[in-house]
**Student:** 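Dropping a structure here in structure tokens format, bear with me for questions.
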Amino acid sequence: VNAWLIIATAGAVAFLLRWGVVLVAARHPLPERMVEITHLVAPSAAAALLAGSLVGTRNIPDLGIHLVVVAVGFYTALRTRSVLLTLLAGVTVYTLLEAIV
Amino acid sequence: MSAPSSPEHLASTGATQTGALSASRPWLAGARQALPFVLAFAPYGWVIGAVADRAAVDDVLGWSTAWLVYAGTSQLVSIQLLESGGPVVVLVAVVLLVNARMIAYAASLSPTWRTAPWWWTAVASYLLIDPAYLIGTGQGQAGPTDDPAALHRRRQHYLGAAVTLWITWLVNCALGVVLGGRLAAFLPSAVIAELMLGCIVALLISNRATRVAAATGFALGLPAALLPSSVGAPVAALLAIGVAVRVKGGSR
């Protein structure tokens, strides 16, 4: 099967599902309980993706560095609510740890 | 869980002031709010472009995943599966699984979008990714959903941010393809991608239920990463949502 067709199909199906949900929800508003549950999807999915990414780190010293950097970034984001400060703090700590280790 | 319009929720999405600021030029305010994410995600786009360049896949097709699939992780997975010659059904299913959270994002944003024309909802749904959702829920919940003028402003704000993210993502992926690994080699791309995920998690935490969802998602995501074909994260996320719902129900 043509590779373009495969990628286009994957993208189109993902898009149509999203759009379909929006169209249906416009006619039949979701129950409050359902809306509340949708707010839980983002933090759980992002955290699971993050864990998967960390597990993919090749060796133990690297994993340690990545864990520390992510922890620093997470804490910075919690405290400051700033994406740029999070990036700055994380990359600075990473650079320092790389230089030391 | 806090009410979507509560100050707690707004603060959690990092968009406390923008809703008010966007009254005169909501498009511009949305675009401005997207800029930190543009900067932060640029290296990730370069890496994906570089992967597409190195893979045994046509460069133009590799770059085109940026607008055909438009989701970093799904792009990486689809390029890898295309290269390995995996079955079509598996590729489509994995892209859907990795992107499953976007369906919930769409449901979550639908109250703000319900009065928009169909073509607008199509564009907005296509442009829906993590940072766009974060910005959309931050300012999108800032007032009543029965005021058409306010809803219109919020939609403009969302689209300003989402279009900015889309255009810059395409440019960054193109840069990655053209310059290969040279751009990505200068930066700790893997760490930056993880930092941004951690940042998104932190900005989404607003109460006990979201804390439990994030913590459980992370804890379950570690062993789940060993599952084949990138299904680990969606499985862990589903279980974590179940746990958070139970905790939330128990605390009522």
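Keep in mind that what you see is a predicted model, and the values were worked out from it rather than measured. Naming: A, B, ... by sequence-line order, numbering from 1 per chain.
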**Student:** Taking all non-hydrogen atoms of both residues, which atom of B:T112 and which atom of B:R155 are closest, and how far apart?
**Tutor:**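 Scanning both residues completely, I find the closest heavy atoms to be O-NH1, 3.4 Å.
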**Student:** Quick one: what part of A:L23 sits under 4.5 Å from any heavy atom of chain B, side chain, backbone, both or neither?
**Tutor:**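 Side chain of A:L23 only, per the 4.5 Å heavy-atom cut-off to chain B.
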**Student:** Would B:N207 and B:T210 count as a side chain to side chain contact (heavy atoms under 4.5 Å, CB included) here? Give the steps.
**Tutor:** CA-CA 6 Å; B:N207 51 42; B:T210 47; 2.9 Å; yes
**Student:** Starting from the C-alpha separation in whole Å, work towards a yes-or-no answer on side chain to side chain contact (heavy atoms under 4.5 Å, CB included) for B:I200 and B:Y133.
**Tutor:** CA-CA 10 Å; B:I200 286 171; B:Y133 171 76; over 6 Å; no
**Student:** For residues B:W166 and B:Y126, report the shortest heavy-atom separation together with the two atoms involved.
**Tutor:**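 Here B:W166 and B:Y126 meet closest at NE1-OH, 2.9 Å.
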**Student:** Go through the steps for A:V83 and B:M196 under the test side chain to side chain contact (heavy atoms under 4.5 Å, CB included), then give the verdict.
**Tutor:** CA-CA 8 Å; A:V83 177; B:M196 283 307 96; 3.9 Å; yes
**Student:** Heavy-atom pairs under 4.5 Å with chain A - which of B:G198, B:S78, B:A214, B:S110 has more of them than the others?
**Tutor:**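 Result: the option with the highest number of such pairs is B:A214.
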**Student:** What heavy-atom pair brings B:L61 and B:L82 nearest, and what distance separates the two atoms?
**Tutor:**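 Heavy atoms only, the tightest pair is CD2-CD1, 3.9 Å.
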**Student:** I'd like to verify something: which residue of B:L238, B:L226, B:L220, B:V60 has the highest number of heavy-atom pairs under 4.5 Å with chain A?
**Tutor:**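 If we count pairs closer than 4.5 Å to chain A, B:V60 comes out on top.
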**Student:** For B:L128, is it the side chain, the backbone, both, or neither that has a heavy atom closer than 4.5 Å to a heavy atom of chain A?
**Tutor:**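 Answer is both: backbone and side chain atoms of B:L128 are under 4.5 Å from chain A.
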**Student:** Can you say whether B:A224 sits under 4.5 Å from chain A via the side chain, the backbone, both, or neither, judging by heavy atoms?
**Tutor:**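 When you check distances to chain A, no heavy atom of B:A224 falls under 4.5 Å.
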**Student:** Less than 4.5 Å to any heavy atom of chain A: does that hold for the side chain of B:S64, its backbone, both, or neither?
**Tutor:**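 The side chain, not the backbone.
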**Student:** Quick one: what part of B:Y70 sits under 4.5 Å from any heavy atom of chain A, side chain, backbone, both or neither?
**Tutor:**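 B:Y70 has no heavy atom closer than 4.5 Å to chain A.
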**Student:** Given the options A:A14, A:G90, A:A46, A:S44, which has more heavy-atom pairs under 4.5 Å with chain B than any of the others?
**Tutor:**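 The option with the most such pairs is A:S44.
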**Student:** How are the rings of B:F41 and B:W169 set to each other: parallel, tilted or perpendicular (split at 30° and 60°)?
**Tutor:**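 Taking B:W169 first and then B:F41, their aromatic rings stand perpendicular (interplane angle over 60°).
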**Student:** Which atom pair, heavy atoms only, marks the closest approach of B:A213 to B:A240?
**Tutor:**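 Smallest heavy-atom distance, with atoms named: O-CB, 3.6 Å.
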**Student:** For the interface with chain A, which of B:P223, B:A107, B:A244 has the highest count of heavy-atom pairs at distances below 4.5 Å?
**Tutor:**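 Between B:P223, B:A107, B:A244, the count favours B:A107.
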**Student:** What part of B:V235 lies closer than 4.5 angstrom to a heavy atom of chain A: side chain, backbone, both or neither?
**Tutor:**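 Contact with chain A: none, neither part.
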**Student:** Provide the closest heavy-atom pair for B:Q75 versus B:C173 in the form atom of the first, atom of the second, distance.
**Tutor:**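 Result for this residue pair: NE2-SG, 3.9 Å.
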**Student:** Identify which of A:P43, A:A10, A:A26 forms the greatest number of heavy-atom pairs closer than 4.5 Å to chain B.
**Tutor:**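 So the answer, after comparing A:P43, A:A10, A:A26, is A:P43.
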**Student:** Where does the angle between the aromatic ring planes of A:Y94 and A:H66 fall among parallel (under 30°), tilted (30 to 60°) and perpendicular (over 60°)?
**Tutor:**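 The arrangement is perpendicular - the two ring planes meet at more than 60°.
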**Student:** In terms of heavy-atom pairs under 4.5 Å, which option from A:A89, A:A45, A:S82 contacts chain B the most?
**Tutor:**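 Heavy-atom pair counts peak at A:A45.
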**Student:** Count the heavy-atom pairs under 4.5 Å between each of B:A40, B:A124, B:A237, B:A116 and chain A, then report the option with the highest count.
**Tutor:**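 If we count pairs closer than 4.5 Å to chain A, B:A237 comes out on top.
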**Student:** So for B:T216, is it side chain, backbone, both, or neither that comes closer than 4.5 Å to the heavy atoms of chain A?
**Tutor:**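 For B:T216, there is no contact with chain A at all, as no heavy atom is under 4.5 Å.
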**Student:** Does any backbone or side-chain atom of B:D58 lie under 4.5 Å from a heavy atom of chain A? Answer side chain, backbone, both or neither.
**Tutor:**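 Side chain only.
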**Student:** Which one, B:T65, B:L68, B:L39, leads in non-hydrogen pairs under 4.5 Å with chain A?
**Tutor:**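 The residue among B:T65, B:L68, B:L39 with the greatest pair count is B:L68.
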**Student:** Under 4.5 Å from any heavy atom of chain A, what part of B:I103 do you find: side chain, backbone, both or neither?
**Tutor:**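 Both backbone and side chain of B:I103 come within 4.5 Å of chain A.
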**Student:** Between A:A77, A:A48, A:G11, who has the most heavy-atom pairs with chain B when the cutoff is under 4.5 Å?
**Tutor:**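 When all of A:A77, A:A48, A:G11 are compared, A:A48 has the most.
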**Student:** Could you tell me how the ring of B:W118 sits relative to the ring of A:W19: parallel (under 30°), tilted (30 to 60°) or perpendicular (over 60°)?
**Tutor:**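 If you compare the ring of B:W118 with that of A:W19, the planes turn out tilted.
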**Student:** Does the side chain to side chain contact (heavy atoms under 4.5 Å, CB included) test come out yes or no for A:F74 and A:L50, once each step is laid out?
**Tutor:** CA-CA 11 Å; A:F74 182 78; A:L50 174 62; over 6 Å; no
**Student:** Out of A:V22, A:L78, A:T76, A:T80, which one racks up the most heavy-atom pairs below 4.5 Å with chain B?
**Tutor:**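 Of the options given, most contacts go to A:V22.
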**Student:** Is B:V95 close to chain A through its backbone or its side chain, or both, or neither, when contacts mean heavy atoms under 4.5 Å?
**Tutor:**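 For B:V95, side-chain heavy atoms alone lie under 4.5 Å from chain A.
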**Student:** Considering all heavy atoms of both residues, which atom of B:V57 and which atom of B:G62 are nearest to each other, and what is their separation?
**Tutor:**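 B:V57 and B:G62 have their closest heavy atoms at CG1-N, 4.3 Å.
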**Student:** With chain A, which of B:G221, B:G217, B:A225, B:S125 has the greatest number of heavy-atom pairs at distances under 4.5 Å?
**Tutor:**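 So the answer, after comparing B:G221, B:G217, B:A225, B:S125, is B:S125.
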